[in-house]
Protein chains: 2
Amino acid sequence: MKPLTDRQQDILTFIERSLLQDGFPPTIAEIAAAFGVRSTNSIRGHLQALARKGAIELVPAASRGIRLLKATPSPEQGLPLVGRVAAGQPILAEEHIEGYCRLGPELFDHRADYLLRVQGMSMRDAGILDGDLLAVQRTPEARNGQIVVARIHDEATVKRLRLEGVKAFLEPANPDFAIIEVDLQREQLVIEGVVVGVIRSGL
Amino acid sequence: MKPLTDRQQDILTFIERSLLQDGFPPTIAEIAAAFGVRSTNSIRGHLQALARKGAIELVPAASRGIRLLKATPSPEQGLPLVGRVAAGQPILAEEHIEGYCRLGPELFDHRADYLLRVQGMSMRDAGILDGDLLAVQRTPEARNGQIVVARIHDEATVKRLRLEGVKAFLEPANPDFAIIEVDLQREQLVIEGVVVGVIRSGL
DNA sequence: CACTATACTGCTTATAAAAGCAGTAACCAT
DNA sequence: ATGGTTACTGCTTTTATAAGCAGTATAGTG
């Protein structure tokens with residue numbers, strides 16, 4: 001991150017204190033008033049600079065649309081919740097992160113690194129339903145029979161892994177879906193992580 | 001503090017989650033949109049009720065001027081995890097509490113009060129398996145079709161609730177188990193809470 | 001020198017958002 | 001019945017706020 005100017009640092013500190021005191025971020029006009037500046041435009045420039053440098057995020061057209069990125073208001077921000085995973089992009093790319101869930105990574109038997117929202121019913125019989133959140137541990141290694149997050153043909157999928165010699169099978173837990181067969185000598189199978197837990201909130 | 005209505009509780013939870021995800025509170029219009037309500041006025045009423053009951057504070061004439069007063073109930077220790085429930089004893093009796101799980105009660109669509117460990121496979125087809133943790137909201141009211149924690153003959157059980165006149169049916173989600181029929185005129189059915197989420201950690 | 005970044009003034013404009021007013025309807029308690 | 005609370009619709013008005021445009025001044029840099 002590029003270094004902040006003194007003025008930018010002061011403004012950032014003011015935003016953090018406002019957030020703690022008021023419970024919500026200040027408006028641009030409030031910042032200007034606090035610094036004795038008569039024009040909001042100056043502050044806007046500073047905010048845009050802070051956004052460029054990655055210190056904050058500005059939500060367009062939203063009042064008080066300032067989001068602190070680096071400084072976490074609560075010490076533990078929780079696990080990142082990943083939504084749709086686009087083809088050809090890493091899972092933890094920032095644009096996929098829908099939010100953060102405050103839960104301890106040690107809640108599960110194995111440490112979870114992030115949460116992934118399930119799409120579809122292909123793992124129904126394993127008790128994994130559409131819309132569930134999967135707690136995923138980020139690891140390239142998976143054992144036979146584990147439920148994994150795999151990437152095949154640039155598409156992310158959740159299946160049970162079965163390894164037999166040079167072939168890998170990605171087995172759904174639902175007879176309505178087909179087993180995906182991968183010839184490891186010709187195709188690439190990337191294991192993004194193993195599923196260590198399930199969370200369902202839509203009840 | 002006066003008890004909140006279901007609607008008020010839902011809105012409070014939504015505000016908490018917005019705050020965690022966005023970094024600032026929602027506008028009244030955003031809350032209305034999230035709940036599919038066409039008039040912002042209804043939400044204003046709810047917010048004023050929440051302010052009257054001391055759950056939030058409203059900053060007049062300020063956009064997103066919602067301040068949470070009651071910080072999340074157990075910020076440090078998390079939700080209590082209840083193990084086996086003995087006959088004739090309240091669920092949250094201290095001797096049943098196995099431990100505390102560090103997760104925010106606002107993680108689920110409705111606020112969870114405690115976690116309960118599932119015994120048996122009677123709700124298998126609802127994606128609830130043996131050993132899962134259920135997030136339970138403590139309420140004596142349940143709607144038709146909700147999965148509830150009920151107490152019948154001094155024994156706690158998790159089933160889907162179906163109400164038909166003076167009879168209540170506790171339906172398992174597994175053809176291997178029998179439906180429990182309760183005549184409300186002769187027997188007492190105590191609803192301990194409704195299931196608002198599922199957590200599975202043994203994967 | 002031209003060129004860029006920082007830091008500001010002083011307006012205007014568009015819109016986001018709170019606040020107000022007048023209703024309807026259901027439910028509950030007295 | 002009567003009043004209170006909850007829960008909503010559908011408008012209008014007012015103000016809070018972001019965003020845009022046109023400038024000024026200072027300092028550093030190749």
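In what follows, every chain begins at residue 1, and chains take the letters A, B, ... in the order their sequences are listed.
Residue B:Ser42 places none of its side-chain N or O atoms closer than 4.0 Å to OP1 or OP2 of D:dT6. Dashed line: the shortest gap from a side-chain N or O of B:Arg7 to OP1 or OP2 of D:dC8 is under 4.0 Å. A close approach under 4.0 Å does occur between a side-chain nitrogen or oxygen of B:Lys53 and OP1 or OP2 of D:dT6. Applying the 4.0 Å criterion to OP1 and OP2 of D:dT6, one finds that B:His46 has every side-chain N and O outside that range.
Straight-line distance from the CG atom of A:Leu47 to the P atom of D:dG20: 14 Å, rounded to whole Å. If you take CD1 of B:Ile66 and C1' of C:dA18, they are 11 Å apart, rounded to a whole angstrom. To the nearest angstrom, P of C:dA17 lies 15 Å from CD1 of B:Ile43. Between the CD1 atom of B:Ile31 and the P atom of D:dA7 there is a distance of 14 Å, rounded to whole Å. For the pair A:Leu4 CG and C:dA5 C1', the interatomic distance rounds to 15 Å; values are reported in whole Å. Rounded to a whole Å, the CD atom of A:Gln9 is 17 Å from the C1' atom of C:dA7.
Annotation for B:Asp176: atom CG counts as buried by contact number, over 12 foreign heavy atoms lying within 6.0 Å.
Between A:Ile28 and A:Ile66 there is no side-chain heavy-atom pair separated by less than 4.5 Å. Taking 4.5 Å as the limit, every side-chain heavy atom of B:Lys159 sits out of range of all side-chain heavy atoms of B:Glu171. At least one side-chain heavy atom of B:Asp125 sits under 4.5 Å from a side-chain heavy atom of B:Pro175.
For A:Gln8, the side-chain atoms get nearest to C:dT6 when compared with the rest of C:dT6, D:dT9, C:dT9.
Counting only residues at least two apart or in different chains, salt bridge (charged side-chain N to carboxylate O under 4.0 Å, His left out) contacts with residues 26-40 of chain B comprise B:Glu30-B:Arg64.
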(Q) Within the 4.0 Å limit for protein heavy atoms, which parts of nucleotides 10-19 of chain D are touched? Write it as a string from 5' to 3', B for base, S for sugar-phosphate only, - for none. (A) B-----SSSB
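Residues passing the ring pair (Phe, Tyr, Trp, His ring centres under 6.0 Å) test with A:Phe169, sequence neighbours excluded: none.
Exactly one of B:Leu133, B:Val158, B:Asp132 qualifies for a side-chain contact (heavy atoms from CB on, under 4.5 Å) with B:Leu116. That residue is B:Val158.
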